[in-house]
Amino acid sequence: MNAQTKQLPKPPGKLKHALTFVIVLFLLWGSAVQTEASFGRLISGIPNMWDLLKEMFPPNWAYFDNIVNPMLDTIRMAIAGTTIGAIFAIPLSILAANNMVRSPWVYQIARFILNLLRTIPDLLLAAIFVAIFGLGLIPGILALAVFSVGLIAKLTYESLETIDRGPLEAMTSVGASKLQWIAFGVVPQILPHFISYVLYTFEINVRAAAVLGLVGAGGIGLYYEKTLGFLEYDKTNSIILLTLAVVLAIDYFSTKLREKLL
Amino acid sequence: MIELRNVSKTYPNGTKGLSNINLTFEKGEFVVIVGLSGAGKSTLLRSINRLHEITEGEIRIDGKSITAAKGAELRRIRRDIGMVFQSFNLVKRSSVLRNVLAGRVGYHSGLRTLFGFPKADIHLALQALDRVNIAEKAYIRADQLSGGQQQRVAIARVLAQEAKIILADEPVASLDPLTTKQVMDDLKRINQELGITTIVNLHYIDLAREYATRIVGLRAGEVVFDGPVSEATDERFAEIYGRPIQEDELLGEKSL
């Protein structure tokens, strides 16, 4: 070995980082140009924002009487949608986990369905269901259910794949049928995770349900559209405050509950 | 009675796990299988209840071929073979009692077990726990127990299963010397009192000599020794291992 090969290694070049930076900058600039966004417009828009804020305050407290029921509807939609989604997520997550089914065909197809479900935006789903079932809570519930299946099943099957194999082996060795194998080996291990994911999805669904009314799928969202359309910004403000309070409360309790579970 | 006829196992990558094994285990025997790690001890044990598939030969349990069995018939044969694992394989979040009751599932339909077990089964499970002296832990979560206690729960699961054969795959490898002795004593006592055929994989040679009625030595997937404890001298062990016995293969008398 000669002296040259014994040299200490040199740090890798910085070219890659520099190039990444240039590309990100280019994309940012390109996006701004294409969407005609600029700081100038942002700054010139500030007085408008200020006017809007002034009109929003004080909120119209009396309007709360009108929106409590739609708000409850929104929560009901979220509960119904999450529950339906959770029920359908159970078989799908088992089919998508590669330690639950042997055949790659089965779990790859199940995963493809899950990915498909999650790529459709919930507003689009709601709009489609409104077109099918007409205005009301049903299309909202269905849209949330479809979205929930995708999310809950995805999170659950990923957790399923990390469960302890030992108890599963033990269940095989005692002569358990597939159903018993799942009930005694899998369910106790995955249940806390599953409940946690359902609660998490419920949090997301409450927020999503609040805007679904914009496309006619019921709940508080309809009132956003109404009050904005009539330029009644003080009422809009009431809706925003109520939504904020409800979402914060549900997030708080759901997070507390999930901490207890795991 | 367990009969292994010309049993071989070749892994998909070509390595030989077991080669041409012929063994017969009589009812009530306490057999210890010894050998270096990688000699095929675990593969052999797991072939008996078909947790591992064999590629050649046949294994018969009380005259019935487990190698050919499918579906309900396979589950029926497995129901009679209890297994104890190195890592206990309990559901840690479930109660001790529920872990023991899991041994009973083979006796009921899937739906029946979803809605709770018959009183007789619960009684049986509590008796099984009593036999390994941890009945008072029945309603505690399994992960609250020490390693030795968890392994005794696993033994209770096998007892509740009313197995005719117990396979124990390195049952004491994760335990300290004192609990090792307790667990081995439990296995031996069950073997003698209930006449359950017991086959144990062990790493420690002195432990094998102390508990076994018959020792089987494996090397590179082949049976290189099969005989009573009296014949299993240090020299024979040196042959099984292909080298003199080392200190870490002895549990040591003092710690017992």
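Letters A, B, ... mirror the listed sequences (proteins, then strands); counts begin at 1.
Ranked by heavy-atom pairs under 4.5 Å with chain B, the first of A/Met171, A/Gln189, A/Lys178, A/Glu169 is A/Glu169. The candidate from B/Val158, B/Val91, B/Leu101, B/Leu90 with the greatest count of non-hydrogen atom pairs under 4.5 Å with chain A is B/Val91. Heavy-atom pairs under 4.5 Å with chain A were tallied for B/His108, B/Arg75, B/Arg104, B/Lys92; the largest tally goes to B/Arg75.
Contacts between B/Ile81 and chain A at a heavy-atom distance below 4.5 Å involve the backbone alone (N, CA, C, O). Residue B/Arg46 touches chain A through its side chain alone, counting heavy-atom pairs closer than 4.5 Å. Interface residue B/Arg157: only side-chain heavy atoms are found under 4.5 Å from chain A.
Within a 6.0 Å radius of CZ in B/Arg112, more than 12 heavy atoms belonging to other residues, nucleotides or ligands are found. Other residues, nucleotides and ligands contribute at most 12 non-hydrogen atoms within 6.0 Å of the OH atom of A/Tyr200. Shown here is B/Arg189, whose CZ atom has more than 12 heavy atoms of other residues, nucleotides or ligands within 6.0 Å. Few gaps surround CZ on A/Phe133; more than 12 heavy atoms of other groups in view lie less than 6.0 Å from it. More than 12 heavy-atom neighbours from other residues, nucleotides or ligands sit within 6.0 angstrom of NZ on B/Lys188. The number of heavy atoms from other shown groups lying within 6.0 Å of NZ (B/Lys9) is above 12.
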A/Leu179/B/Thr113 under side chain to side chain contact (heavy atoms under 4.5 Å, CB included): CA gap, chis, key distance, verdict: CA-CA 10 Å; A/Leu179 187 67; B/Thr113 45; over 6 Å; no
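Between A/Val174 and B/Gly103, the shortest heavy-atom contact is CG1-CA, 4.1 Å. Contact record, A/Ser173 with B/Gln161: O-NE2, 3.9 Å, taken as the closest heavy-atom pair. Between B/Arg93 and A/Pro188 the shortest heavy-atom distance is CD-O, 3.5 Å. Annotation for B/Val105 and A/Gln180: closest pair O-NE2, 2.9 Å, computed over non-hydrogen atoms.
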